[in-house]
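Below is one structure, written out as structure tokens; the observations come after it.
Here is how names work: the chains are called A, B, and so on, in the same order as the sequence lines, proteins then strands, and each is numbered from 1. All heavy atoms count here, side chains included; hydrogens, waters and symmetry mates do not.
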There are 2 protein chains.
Amino acid sequence: MASGISLKELAAELKLAPSTVSRALNDSYEISEQTKKKVLSMAEKLNYHPNPFARSLRENKSKAIAVIIPERINTFFAQVIDGIEEITQEHGYHLLVYCTHEDVEKEKKIVNLLLNGRADAIVMSVSSQTSDISHLHKLYERGFPILFFDRICSEIPTTKFITNDYQVTLEATRHLIQQGCKRPAFLMLSEDISITKERHRGFLAALKEAGISHNPEFSKVCCQNEETNIEILKNLLIQENRPDGILASVEKLALACYQAVKKTDLKIPTDLKIISFSNMGIAGLLNPSLTTISQPAFSMGEECARILIKKLTKTNQPALANEVVVIPSKITIRASTMVE
Amino acid sequence: MASGISLKELAAELKLAPSTVSRALNDSYEISEQTKKKVLSMAEKLNYHPNPFARSLRENKSKAIAVIIPERINTFFAQVIDGIEEITQEHGYHLLVYCTHEDVEKEKKIVNLLLNGRADAIVMSVSSQTSDISHLHKLYERGFPILFFDRICSEIPTTKFITNDYQVTLEATRHLIQQGCKRPAFLMLSEDISITKERHRGFLAALKEAGISHNPEFSKVCCQNEETNIEILKNLLIQENRPDGILASVEKLALACYQAVKKTDLKIPTDLKIISFSNMGIAGLLNPSLTTISQPAFSMGEECARILIKKLTKTNQPALANEVVVIPSKITIRASTMVE
DNA sequence: CTGAAAGCGCTTACAG
DNA sequence: CTGAAAGCGCTTACAG
């Protein structure tokens, strides 16, 4: 439907060669100011828009960046994308956004689709179940610029953005213990996600420090189905030796906890204290308000984008550095972890 | 970075003409089964991926659909996009997602950028402040397929998806009145959004029906700044003749109400009942849980996509019909509107 | 059933 | 400073 006028037609109208017009539009030093002005005004008048695909084909770049996330209905990811868009838009890049719904097969399909060059780079947070990473290796081997954030893939040597998960979880768990928790529980999403591992390490370190032995049954691997999660949690909470503090590594699980608690006689924070990783603006409006660890999502997106733009716009840039950039998260204490 | 092998190289490897290989890959009836098999297996072996831009240039279609929304951090829009992706992905379409942040100038820039054919169609929810719609007219005049959902632009004759705003607001307001509200207030986002108008009409109809006169001061036009909104609401709530029921046309404003109430001595639902348009899954976990009107976001996205796919994939399709498709919303009653 | 040729709309060496 | 020509990687009439 790109029904507009072409460069050739514009040139004919101006009685100039297409090459000259092209150079004038691209502000080449070879063209006189007078010609440039004439070309520009005529282009404006005739509503000329260069065909992006001809340009992409010729220059072998798409001017598009693919963003792959596990879910859209999640404030964190939405904020990251906002941050990416903020920076990339200034440089004329477009965002192709794909959602895996935590499904590795879908992730593979998307990644394979992008092998054809439709995007110049990929920014992604891997699907929670990702274990087979051959599709990511393929990208890397081809020299395709790829950058991870939050849910990173350690095996691929490229730039990764994460938060200070170990440290902040250590502090969060200390907070639970200070508030009187004797049997804190950690809820994680999936074992093969490195970021969750760090969070779990921080949790264990805090327990060790306080001389609390860890009940491995309290570290729950959860599934995608919300109902099932609530059921698992409810069963955990009604047993005699139930946890009295919960650290959720994902917002979804904290909310499932709230739901599960409703099905028991327990009260938050009296019987159970909860803290969760979450970027929801309304954590403070929950009942009771939720103590959160929020990640610097927007600036993380911006940083990803800046590095990418540098790589994509400057010539002879080396491959993306194999480094892990750590940005600190922030703990906001609210009612769900208050001592009565 | 589309560094892969080209059709020409693949053809050379097969000792066939590029045209034959192209036809074989596209499963043309002109090619023998044997040749097709040979070509397909070699393409697989050499990891051939057709260049999307060459194809787009040749066929004059992008295989991309642009989605323009006012904000990303909003469950409703996220769900709609999920729905659009669900359908379009099956047909090989990619989603370019743009966020206007409720800024008309940004919306104009994005729309003008899309005039070059980078996307085959646009699905959009207009920015709240949209009043000058020349940029949308331009699209329409060029025959560019454009489809509106939720925040529609009535002046452009194309297919629009909305919810039964008048009817559901009428019912929601009746509910407030039944629950004892004598001075219900309606909160709207902006006057020039047609969808908000319908909601306001439904509200007024319910008041009339109940013989309640409307205090226009209670129909608030709110701004983008959260702090300011909270301040406006607080001031509204501390006056003597304050509203005793609130119908928020946007989730954001209901949350601002919760915040504003915290700054007063009022209690929800005792002193003030609140109902809001919202697709948040966690409305039930707010304090108190929030009565909501939720829109069928996912299926709305799916429906948009189906119509678009039909238009884009079948030849000789007429322009998108100038019709308004209405999908019903659902009221979920929770604590925020309960009689004590 | 297969192939040679033209062309989609750009950009950029190469000439002058 | 401007222009003619080639080519990016496809597809599709047109031949045979």
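- Rounded to whole Å, atom P of D:dC1 lies 18 Å from atom CG of A:L14.
- Atoms CG (A:N60) and P (D:dC10) sit 11 Å apart, rounded to a whole Å.
- Following rounding to the nearest Å, B:K61 (NZ) and C:dG9 (C1') show an atom-to-atom distance of 18 Å.
- Taking atom CG of B:N116 as the reference point, atom C1' of C:dC8 lies 15 Å away to the nearest angstrom.
- Not counting sequence neighbours, the partners of B:Y98 by the side-chain hydrogen bond (donor to acceptor under 3.5 Å, both in side chains) test are A:H94.
- With rounding to the nearest 0.5 Å, the separation of CZ in A:R151 from CD1 in A:I162 is 14.0 Å.
- In secondary-structure terms, DNA chain C builds stems of at least 3 consecutive Watson-Crick or G-U pairs, each pair having both distances under 3.5 Å, at C:1-3 with D:14-16, C:5-12 with D:5-12, C:14-16 with D:1-3.
- At whole-Å resolution of the value, CG in B:L25 and P in D:dC10 are 9 Å apart.
- Residues passing the side-chain contact (heavy atoms from CB on, under 4.5 Å) test with B:K138, sequence neighbours excluded: B:N112, B:L115, B:R142.
- Looking at heavy-atom distances under 4.0 Å, A:S6 makes contact with sugar-phosphate atoms alone, never a base.
- When the nearest nucleotides of DNA chain C are assigned to A:Y48 and B:E33 by heavy-atom distance, the more 5′-ward of the two goes with B:E33.
- By the side-chain hydrogen bond (donor to acceptor under 3.5 Å, both in side chains) test, A:S41 is found to be paired with no residue, residues two or more places apart in sequence or in another chain being considered.
- Within the structure, salt bridge (charged side-chain N to carboxylate O under 4.0 Å, His left out) pairs that include any residue of residues 8-19 of chain B do not occur (at least two apart or interchain).
- In summary, the side chains of A:N26 and A:S28 do not present any donor paired with an acceptor at a separation below 3.5 Å, with no hydrogens or angles considered.
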Give each protein N/O atom lying under 3.5 Å from an N/O atom of nucleotides 2-5 of chain C, with the pair distance.
from, atom 1, to, atom 2, distance (Å)
C:dT2, OP1, B:T35, OG1, 2.7
C:dT2, OP2, B:S32, N, 3.4
C:dT2, OP2, B:T35, OG1, 3.1
C:dG3, OP2, B:A17, N, 3.0
C:dG3, OP2, B:T20, OG1, 2.7
C:dG3, N7, B:R23, NH2, 2.9
C:dG3, O6, B:R23, NH1, 3.2
C:dG3, O6, B:R23, NH2, 2.6
C:dA4, N7, B:S19, OG, 3.4
C:dA4, N6, B:S19, OG, 3.1

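- A heavy-atom distance below 4.5 Å is found between the side chains of A:K63 and B:R118.
- In summary, A:D82 and B:R72 engage in a salt bridge, as defined by a charged side-chain N under 4.0 Å from a carboxylate O.
- Contact annotation: the side chain of B:K108 approaches that of B:D132 to within less than 4.5 Å [non-hydrogen atoms, C-beta and beyond].
- The distance between atom CD of B:E59 and atom C1' of D:dA13, rounded to the nearest whole Å, is 14 Å.
- In this structure, B:F53 places its CZ atom 25 Å from P of C:dG7, rounding to the nearest Å.
- The CG atom of A:N51 sits 6 Å away from the C1' atom of C:dG9 (whole-angstrom rounding).
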